[in-house]
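Data first, discussion second: the structure below is written as structure tokens.
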Amino acid sequence: MNWDEAIQELDERRKKALAGGGKARVEKQHQSGKMTARERIEMLLDKDTFVEVDGFVESRIDDFDLDKRRVPGDGVVTGYGEIDGRLVFVSSEDFTVIGGTLGEYHSFKICRIQDMAMKMRAPLICINDSGGARIEEGISSLSGYSGMFLRHTQASGVIPQIAVILGPCSGGACYAPAICDFIFMVKDISKMFITGPNVVKTVINEEVSVEELGGAQVHAQKSGVSHFTYDSEGECLMGVRKLLSYLPGNYTEKPPVIDTKERQNRPRGMGRVFPRFNKVESAAKAKAAKIRDIVPDNSRHAYDVKEVIDCIVDEGSFFEVQKEFAMNGVIGWGRMEGKVVGFVANQPNVMGGSLDYHVSDKIARFIRFCDCFNIPLITLIDVPAFLPGTAQEHSGIIRHGAKILYAYSEATVPKISLIMRKAYGGAYIAMNSKEMGADIVYAWPIAEIAVMGADGAVNIAFKKKIKAAPDPAAMREQCKAEYEDRFLNPYVAAARGYVNEVIKPEETRDALLKALHGLKNKQAKLPEKKHGNIPL
């Protein structure tokens, strides 16, 4: 073969690979509101940075006339590129080629890119759009999933792993995304389910649609499987880019820092964490003064804790995770002077901010992720209790709640707590209390730190006194006032060292910035062991 013939053959093979499953199948993909595998990569990565790996790999199974559908790539595009100038590795399943089904060499390509991501210590993004295991390849396809699961597990805590569901993801295929750190889904397009709807109808005689079984909204609101939901593929892929702007490339790095006007406007020599020396008052500091207007001093009145977070972080920087699931707790990242901080907060607007078994899982996993990737934690506390009731007990609130305790105790990143209003009983302990390992604990003057609220406490502690009084109702109010004066304030805890400082709401951002600055070089080591045994 001469040069002209060789180049012609190469061009033809490249053209065939780029065509995917052919014009008809690509058009069908577009008609269903979906992009192709290569279009997704092109939108996700910085322009002209994608480098394909193993583009000519093909299936080698000839059964069931599979060879007639064989094209280079075997139904998945893999390679690496950049997002905002930072290296990432990516796999994108191609539904136009044999339905994106996973066979021996399909999985081989994904495993190869997983190995490269680990060696390069760079984030991994897996875009799922597949009909599942390739039946024609039998055990080889199942074995392929095994290799992927093993690598996802080994990479956990080493590099960020992101799964993007942009089509069907069923059966065993679901567990690769489940092991990843975050799952992205798109309304009306993304589907995740262990058992297909036809099997559900047959086995339990229940009429159910694909959307009801495992659509984006189901996993965002009910199961908690997904973390981010978008209306379109384009918005979803931009969401992945946004997420990575908050994360380091691997566990040895710090998260990216964005330079801010607030830092630039400071006089030299005054330090980075003393906003009072700013010549120009920042938008964030101006918002901090509004906290008292947001949070009622009556602990029975609700408010939106996300408004408090917005007053603390740099303007518009809060990025919430799982915002539709277990909404009695809020988790996410914000920037403070351009630096990434993880936030965990009770949400008084929902269930009074109490802790149930769902929010316990949500909070614990977020804490552990931040600890894996060197992201400091700020905990905003306004919690009345672990949610009581038969349903919670039977759902394992004890086991699930223990995950929060475990996660905070295990985390070695800087941990700062702010007690805003209520901090009662075991829930107070769980939410990063001082003796649970919090480095610094602040409290507002209206904070109530006690075993329980005044109404419940007087019924127990002063029961006999109230019953024997000539006017039980008046005595009850007197006992309640005494209890509130004696116990429901932050100064008792401060006197014992459980609160480091009582601050005004408008001082919150400044105080947190000082704490972050003081803890920035924190070094802590856990006892030597193989690994702990979290109460899963």
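The residues of the chain are indexed from 1 along the displayed sequence.
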Kindly determine whether R241 and M238 satisfy side chain to side chain contact (heavy atoms under 4.5 Å, CB included), including the steps that lead there. CA-CA 5 Å; R241 289 178 64 95; M238 291 304 102; 3.6 Å; yes
Considering only heavy atoms from C-beta outward, does the side chain of [X] approach that of [Y] to under 4.5 Å?
{"X": "F343", "Y": "I312", "answer": "yes"}
{"X": "K422", "Y": "V383", "answer": "no"}
{"X": "I416", "Y": "L516", "answer": "yes"}
{"X": "E320", "Y": "I331", "answer": "no"}
{"X": "M351", "Y": "M327", "answer": "no"}
{"X": "L124", "Y": "I159", "answer": "yes"}
{"X": "P177", "Y": "C126", "answer": "no"}
{"X": "S409", "Y": "M436", "answer": "yes"}

Would you check if the side chain of [X] reaches a backbone N or O of [Y] as a donor-acceptor pair within less than 3.5 Å?
{"X": "Y406", "Y": "N533", "answer": "yes"}
{"X": "K522", "Y": "V413", "answer": "yes"}
{"X": "R40", "Y": "G234", "answer": "no"}
{"X": "S417", "Y": "N432", "answer": "yes"}
{"X": "K434", "Y": "V441", "answer": "no"}
{"X": "K362", "Y": "F325", "answer": "yes"}
{"X": "D181", "Y": "S156", "answer": "no"}
{"X": "Q392", "Y": "G389", "answer": "no"}
{"X": "T49", "Y": "G81", "answer": "no"}
{"X": "K191", "Y": "D188", "answer": "yes"}

Please state whether the rings of F182 and F369 are parallel, tilted or perpendicular, taking 30° and 60° as the class boundaries.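 Rings of F182 and F369: perpendicular, over 60°.
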Please verify the inter-ring angle class for F149 with Y175; under 30° counts as parallel, over 60° as perpendicular, anything in between as tilted.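 Because their plane-to-plane angle is over 60°, the rings of F149 and Y175 count as perpendicular.
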For [X], is the [atom1] atom crowded, meaning more than 12 foreign heavy atoms sit under 6.0 Å from it?
{"X": "L526", "atom1": "CG", "value": "yes"}
{"X": "K222", "atom1": "NZ", "value": "no"}
{"X": "E410", "atom1": "CD", "value": "yes"}
{"X": "K529", "atom1": "NZ", "value": "yes"}

With side chain to side chain contact (heavy atoms under 4.5 Å, CB included) as the test, would you mind laying out the steps for E337 and K339 before giving the verdict? CA-CA 6 Å; E337 293 195 329; K339 297 180 180 178; 5.5 Å; no
Does the pair [X]/[Y] count as a salt bridge with the N-to-O cut at 4.0 Å?
{"X": "D382", "Y": "R421", "value": "yes"}
{"X": "K287", "Y": "D310", "value": "no"}
{"X": "D84", "Y": "K242", "value": "no"}

What is the minimum heavy-atom distance between [X] and [Y], and which atoms define it?
{"X": "G239", "Y": "F319", "value": "O-CZ, 4.2 Å"}
{"X": "L387", "Y": "S354", "value": "CD1-OG, 3.6 Å"}
{"X": "N128", "Y": "C169", "value": "ND2-SG, 4.1 Å"}

Just by distance, with hydrogens left out, do [X] and [Y] show a side-chain donor and acceptor under 3.5 Å apart?
{"X": "S232", "Y": "E235", "result": "yes"}
{"X": "D356", "Y": "N328", "result": "yes"}
{"X": "K306", "Y": "N349", "result": "no"}
{"X": "E435", "Y": "Y498", "result": "no"}
{"X": "D304", "Y": "Q347", "result": "yes"}
{"X": "S223", "Y": "H219", "result": "yes"}

Ring-face cation of R368 near Y408 (centre distance under 6.0 Å, axis angle within 45°):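 No, R368 and Y408 do not form such a contact.
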Nearest 0.5 Å please: distance from the [atom1] atom of [X] over to the [atom2] atom of [Y].
{"X": "M420", "Y": "T379", "atom1": "CE", "atom2": "OG1", "result": "10.5 Å"}
{"X": "Y442", "Y": "L512", "atom1": "OH", "atom2": "CG", "result": "6.5 Å"}
{"X": "M336", "Y": "I378", "atom1": "CE", "atom2": "CD1", "result": "5.0 Å"}
{"X": "H358", "Y": "Q322", "atom1": "NE2", "atom2": "CD", "result": "11.0 Å"}
{"X": "E82", "Y": "D48", "atom1": "CD", "atom2": "CG", "result": "11.0 Å"}
{"X": "L166", "Y": "I127", "atom1": "CG", "atom2": "CD1", "result": "6.0 Å"}

Measuring centre to centre across the rings, with the benzene-like ring taken for any Trp, is W444 within less than 6.0 Å of Y491?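 Between W444 and Y491, the centre distance exceeds or equals 6.0 Å.
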Counting the benzene-type ring for Trp, do F228 and F184 have ring centres under 6.0 Å apart?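 Ring centres of F184 and F228 closer than 6.0 Å.
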Checking side chain to side chain contact (heavy atoms under 4.5 Å, CB included) for the pair I125/L244: CA distance, chi angles, key distance, verdict? CA-CA 10 Å; I125 303 166; L244 286 172; 3.8 Å; yes
Run the side chain to side chain contact (heavy atoms under 4.5 Å, CB included) test on C372 and Y251 for me, step by step, so that the C-alpha distance in whole Å, both residues' side-chain angles and the decisive distance to 0.1 Å come before the verdict. CA-CA 6 Å; C372 285; Y251 79 102; 5.8 Å; no
Go through the steps for D297 and R292 under the test salt bridge (Lys or Arg N to Asp or Glu O under 4.0 Å), then give the verdict. CA-CA 8 Å; D297 51 18; R292 260 198 265 183; over 6 Å; no
Candidate pair D314 and R509, rule salt bridge (Lys or Arg N to Asp or Glu O under 4.0 Å), full reasoning: CA-CA 10 Å; D314 297 347; R509 178 176 162 90; 3.1 Å; yes
